[in-house]
Each structure stands twice: as C-alpha cells, then as structure tokens.
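Excluded from the calculations below are hydrogen atoms, water molecules and symmetry mates; all remaining heavy atoms, backbone and side chain alike, are included. None of these values were measured; they are calculated from a predicted model.
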Amino acid sequence: MNDVDNLLSPYLVFNRDQWSGLRNSVPLTLTQEDLVNLRGIHDELSLEEVKDIYLPLSRLLNLYVRARQRRSKVIEQFLGTEPAHVPYVISIAGSVAVGKSTTARILQALLDRWPEHPTVELVTTDGFLHPNHVLESRGLMKKKGFPESYDMHTLVKFVADIKAGKSQVSAPVYSHHIYDIVPGAKKVVQRPDILLLEGLNVLQSGMDYPHDPHRVFVSDFVDFSIYVDASEDLLNQWYVERFQCFRRSAFSDPNSYFHHYSQLSDAEAETIANQIWQEINYPNLRANILPTRERANLILTKGQCHAIEQVRLRK
Ligand SMILES: Nc1ncnc2c1ncn2[C@@H]1O[C@H](COP(=O)(O)OP(=O)(O)OP(=O)(O)O)[C@@H](O)[C@H]1O
Ligand SMILES: CC(C)(CO)[C@@H](O)C(=O)NCCC(=O)O
C-alpha cells in the first residue's frame with residue numbers, strides 16, 4: 001500500500017515485522033508455565049508466532065479493555081450509579097477451518113496473564129446451530145454454517161444477557177464428534193471480565209438473515225471484533241488436513257457421526273473432504289462470511305502454516 005492509499009484506508013496496515021516490533025515497547029515475556037499452557041492448546045503452535053503476533057495483540061486488547069472500563073466509570077460517576085460488572089466482549093470471525101477456535105484459545109491463555117488476571121470465558125456460536133433433526137426437517141443438512149442453520153434469536157439473546165451483566169447465562173453445546181447439538185449439555189458463563197465469542201457468523205447483520213429478519217445483531221453487543229483471514233487455497237488445504245486428522249482420531253469411534261469415513265483410504269477421504277469444502281463451506285465463505293470481513297476492528301491475514309503475515313487495525 002502506498003502513502004496515499006494508507007491515508008484513505010480505514011485501517012492501519014502492519015506487516016509481520018512492523019507488528020512484532022510493537023511488543024518491544026513493553027517487556028513481554030513468557031514464563032515456563034505460560035509455555036506449558038500454550039503447548040496444551042496446539043502441538044504445532046510456534047512460539048515465534050505467539051511472541052511476534054499474539055503477545056502484541058493481547059497487549060492491545062488489554063489497553064482496549066482498560067479504556068472501556070474507564071469510560072464506564074465516567075458514565076457511572078455522571079449518573080451516580082453503583083459500578084456494574086459488564087463483561088467486555090471480543091468476537092472472532094472467519095471461514096470454517098481458518099483457526100478461529102485456536103486463535104481464541106491462545107488469546108484466552110494470554111489475556112489471563114495480565115496483572116489484573118481477568119477471567120476470560122470462551123464460547124463458540126456452533127452451539128447455536130439448530131439441531132440436526134430441525135435442519136433435516138427444513139432440508140438444511142447441507143447448509144450447516146449458513147445463516148439459516150442458526151437460531152440467531154437465541155444467540156443474540158445470549159450475548160445481550162451477557163452484556164446486561166446477568167450473573168449466569170448458558171449456551172447450548174455443539175460437538176464435531178456427533179455432528180450435532182449435544183442433548184442437555186450447557187456451557188455456563190458466569191459474568192467473566194472478558195468473553196471471547198468465536199464463530200463464522202459473529203459479524204453478520206439482519207441483512208444476512210432475510211428468511212428471519214431481526215433488528216438487533218450480535219455485533220451490537222461486541223466491543224472489539226477480529227476477522228481471521230487466509231487465501232481460499234490455504235483454507236481448502238487446512239479443511240482437508242483437519243478432516244484427515246478427525247478421521248484418524250474422533251471418527252474412529254463407532255459413536256462418531258462420520259465413523260464410516262475412518263474406513264476409507266487417505267485418497268478417498270481427501271476426495272470427500274474436498275467435495276464437502278466445495279459444496280458447503282466454500283460457497284458459505286463467499287456468500288456469507290467474506291462479505292463481513294471489512295466490518296471487523298482487526299483483520300489478521302494468515303499465510304502458509306498459519307503464520308500471520310499482515311495485521312490491519314481499524315483507525
Ligand atoms: N496457529 C495455528 N498453528 C497451527 N495450526 C493451526 C493454528 N490454528 C489452527 N490450526 C489448525 O487449523 C485447523 C483449523 O483450526 P480450528 O479448528 O481452530 O478452526 P476453526 O476456524 O475454529 O474451525 P470451525 O469453524 O470449523 O470450528 C485445525 O486443524 C488446527 O489444528
Ligand atoms: C459447524 C461448522 C458450521 C462451523 O464450525 C462447520 O464445522 C461445519 O460443520 N460445516 C458444515 C460442512 C462440514 O461438514 O464441514
């Protein structure tokens with residue numbers, strides 16, 4: 001981007017070196033305990049990536065959270081009301097298989113290290129998918145992840161309740177293992193300091209739901225939004241790799257929805273994974289996810305091996 005483009009763009013654009021340089025302005029080190037926690041998140045997570053990208057990001061988020069708390073104090077002083085404990089909500093959007101849940105887990109571990117030791121909860125919008133029996137009755141089994149496959153009213157109510165400071169709010173739970181909502185399971189959220197809300201639909205608005213119009217969106221309750229981006233070729237590759245990985249582990253369980261896939265050869269499984277990508281997840285990316293990218297406060301662009309190559313921060 002040249003200087004004129006930079007001035008006109010709503011984003012500040014950083015390459016990897018420029019972004020990682022920002023961590024030098026405060027001492028950001030990882031303890032042995034942090035390293036053990038991070039290793040538990042992902043075997044292939046590189047520590048360079050944590051230091052260069054996620055540490056500066058956690059520092060930025062911490063500054064935003066504190067600024068928000070100061071602003072709330074001003075309003076409370078003005079109104080003469082008691083301090084209310086309202087969670088700060090950070091949303092993480094992006095394609096299927098881009099690494100939203102991994103990014104959320106890294107941020108959860110890093111935000112927890114700040115001196116204030118905020119409590120950080122993590123929720124995925126997968127839990128707000130309609131259960132399979134509803135999707136089947138509506139002919140939507142091949143539309144999982146599309147706007148019409150979610151119970152958006154319940155999701156918006158969930159985030160609204162969190163922002164209203166309710167002491168206990170619960171979300172349904174989705175399992176990739178049974179490929180369905182887990183009957184009776186609940187993720188309970190008890191007024192954390194920070195809520196990380198991860199899902200491909202968190203930047204979508206009422207316009208994306210013409211079949212079920214609503215005027216209040218998830219983004220109305222989100223304080224800071226992140227979009228994780230990557231090229232379509234890489235996303236396809238990561239989807240197929242994850243499918244193969246599931247096949248070797250979870251799918252080998254006879255109770256798994258996709259148990260039959262574990263009997264296939266690697267080449268047959270690759271063909272099926274590519275088909276699912278082309279028929280479901282890629283069209284959803286093009287029609288419903290990518291168009292929401294520029295609504296985000298921060299865009300992280302990944303290259304090979306999930307390494308972040310560019311960071312764009314809304315001015
Ligand atoms: N930082 C990373 N380093 C290495 N591998 C990663 C990283 N982030 C994600 N992956 C790998 O990429 C794949 C997708 O990651 P993840 O499950 O977090 O994606 P997601 O966006 O949450 O997917 P979905 O929308 O289907 O839930 C997984 O195989 C994961 O192991
Ligand atoms: C549950 C979602 C929608 C998002 O995590 C996704 O992982 C999914 O299941 N997509 C539907 C097509 C597929 O089986 O990959």
Side-chain angles (χ1 to χ4, degrees), residues 41-42 44-45 91-107 122-132 135 140-152 155 171-182 196-204 208-209 218 225-251 256-258 261 269-296 299-308:
I41 292 175
H42 201 290
E44 282 160 45
L45 176 64
S91 67
I92 304 175
S95 166
V96 167
V98 72
K100 299 178 297 298
S101 62
T102 308
T103 302
R105 282 185 294 143
I106 299 169
L107 289 178
L122 177 48
V123 169
T124 165
T125 68
D126 289 357
F128 296 89
L129 281 161
H130 289 296
N132 285 354
L135 295 177
L140 293 176
M141 273 307 273
K142 293 206 163 173
K143 293 276 178 194
K144 220 179 237 194
F146 282 63
E148 55 271 38
S149 66
Y150 290 94
D151 178 353
M152 206 56 185
L155 171 57
V173 175
Y174 180 80
S175 155
H176 284 280
H177 193 99
I178 59 166
Y179 204 61
D180 202 353
I181 296 295
V182 184
L196 292 164
L197 181 68
E198 163 276 296
L200 37 85
N201 53 356
V202 287
L203 287 165
Q204 289 170 355
D208 305 303
Y209 290 75
V218 170
S225 52
I226 300 174
Y227 186 99
V228 188
D229 198 20
S231 73
E232 286 157 9
D233 287 348
L234 283 174
L235 292 169
N236 189 347
Q237 179 194 324
W238 296 339
Y239 180 76
V240 174
E241 283 168 7
R242 188 180 60 176
F243 187 91
Q244 295 285 25
C245 199
F246 275 164
R247 212 166 63 82
R248 282 181 216 108
S249 53
F251 296 170
S256 158
Y257 186 82
F258 289 126
Y261 288 156
E270 185 174 329
T271 307
I272 290 185
N274 274 314
Q275 259 166 16
I276 302 174
W277 175 260
Q278 291 302 333
E279 282 173 21
I280 307 178
N281 296 316
Y282 177 65
N284 191 21
L285 171 66
R286 292 307 300 230
N288 303 307
I289 307 170
L290 209 45
T292 69
R293 181 177 60 193
E294 272 72 25
R295 296 177 189 164
I299 303 173
L300 300 172
T301 307
K302 287 181 167 184
Q304 293 289 342
C305 304
H306 292 266
I308 288 170

* About how many Å separate CG of Asn132 and OG of Ser149, when rounded to the nearest 0.5 Å? -> 10.5 Å

* Identified side-chain contact (heavy atoms from CB on, under 4.5 Å) counterpart of Asn201 within the set Asn284, Leu155, Thr292 -> Leu155

* Heavy-atom closest pair, residues Asn288 and Pro147 -> ND2-CD, 3.4 Å

* Asked: Just by modelled atom types, is the His130 backbone N or O under 3.5 Å from a matching donor or acceptor in the Asp151 side chain?
  -> no

* **Test log, rule side-chain contact (heavy atoms from CB on, under 4.5 Å), inputs Gln278 and Asn236** => CA-CA 8 Å; Gln278 291 302 333; Asn236 189 347; 3.5 Å; yes

* Asked: Below 4.5 Å, heavy atoms only, C-beta onward: do Val173 and Ile181 meet side chain to side chain?
  -> no

* Asked: Which heavy atom of Cys305 sits nearest a heavy atom of Trp238, and at what distance?
  -> N-CZ2, 4.4 Å

* To do: Please tell me if the side chains of Leu285 and Leu235 come closer than 4.5 Å, counting only heavy atoms from C-beta onward.
  => yes

* Could you pull out the closest heavy-atom pair between Ile276 and Tyr261, with the gap in Å? => CD1-OH, 4.3 Å

* Structure fact -> Output for pair (Ser95 OG, Ile289 CD1), nearest 0.5 Å, gives 5.5 Å

* **From Gln237 atom CD to Arg242 atom CZ, the distance as rounded to the nearest 0.5 Å** => 13.5 Å

* Could you check whether the rings of Phe246 and His176 sit parallel, tilted or perpendicular, using 30° and 60° as the cut-offs? => tilted

* Arg293 bridged to Asp229 by N-O distance under 4.0 Å -> yes

* If you measure from CZ on Arg247 to OG on Ser256, what distance do you get to the nearest 0.5 Å? -> 11.5 Å

* Please tell me if the side chains of Tyr257 and Phe251 come closer than 4.5 Å, counting only heavy atoms from C-beta onward. => no

* To do: In sequence, state the C-alpha distance, the side-chain angles, and the governing distance for Leu234 and Gln304, and then conclude on side-chain contact (heavy atoms from CB on, under 4.5 Å).
  => CA-CA 7 Å; Leu234 283 174; Gln304 293 289 342; 3.9 Å; yes

* To do: Side-chain contact test, heavy atoms from C-beta onward, threshold under 4.5 Å: evaluate it for Leu197 versus Val218 and give yes or no.
  => yes

* Asked: Distance from Leu203 atom CG to Glu294 atom CD, nearest 0.5 Å?
  -> 10.5 Å

* Asked: Given side chains that start at C-beta, do those of Thr301 and Ile299 come closer than 4.5 Å, heavy atoms only?
  -> yes

* Please work out whether the ring planes of Phe243 and Tyr239 are parallel, tilted or perpendicular, with thresholds of 30° and 60°. => tilted

* Can you find a pair of side-chain heavy atoms, one from Gln275 and one from Ile280, that are under 4.5 Å apart? -> no

* **Candidate pair Ile226 and Leu300, rule side-chain contact (heavy atoms from CB on, under 4.5 Å), full reasoning** => CA-CA 7 Å; Ile226 300 174; Leu300 300 172; 4.0 Å; yes

* Asked: Looking at Arg105 and Ile41, what are the two nearest heavy atoms and their distance?
  -> O-CD1, 3.3 Å

* Asked: Is it true that the NZ or CZ of Lys144 lies under 6.0 Å from the centre of Tyr150's six-membered ring and within 45 degrees of the ring axis?
  -> no

* Can you tell if the side chain of Asp208 reaches within under 4.5 Å of the side chain of Met152, non-hydrogen atoms only? -> no

* To do: Provide the closest heavy-atom pair for Gly99 versus Lys302 in the form atom of the first, atom of the second, distance.
  => CA-NZ, 3.9 Å

* Distance in Å, Gln244 CD paired with Ile272 CD1, rounded so as to fall on 0.5 Å steps -> 10.0 Å

* Derivation and outcome, side-chain contact (heavy atoms from CB on, under 4.5 Å), residues Gln204 and Tyr209 -> CA-CA 8 Å; Gln204 289 170 355; Tyr209 290 75; 2.8 Å; yes

* For Leu200 and Thr125, which heavy atoms make the closest approach, and how far apart are they? -> N-OG1, 4.3 Å

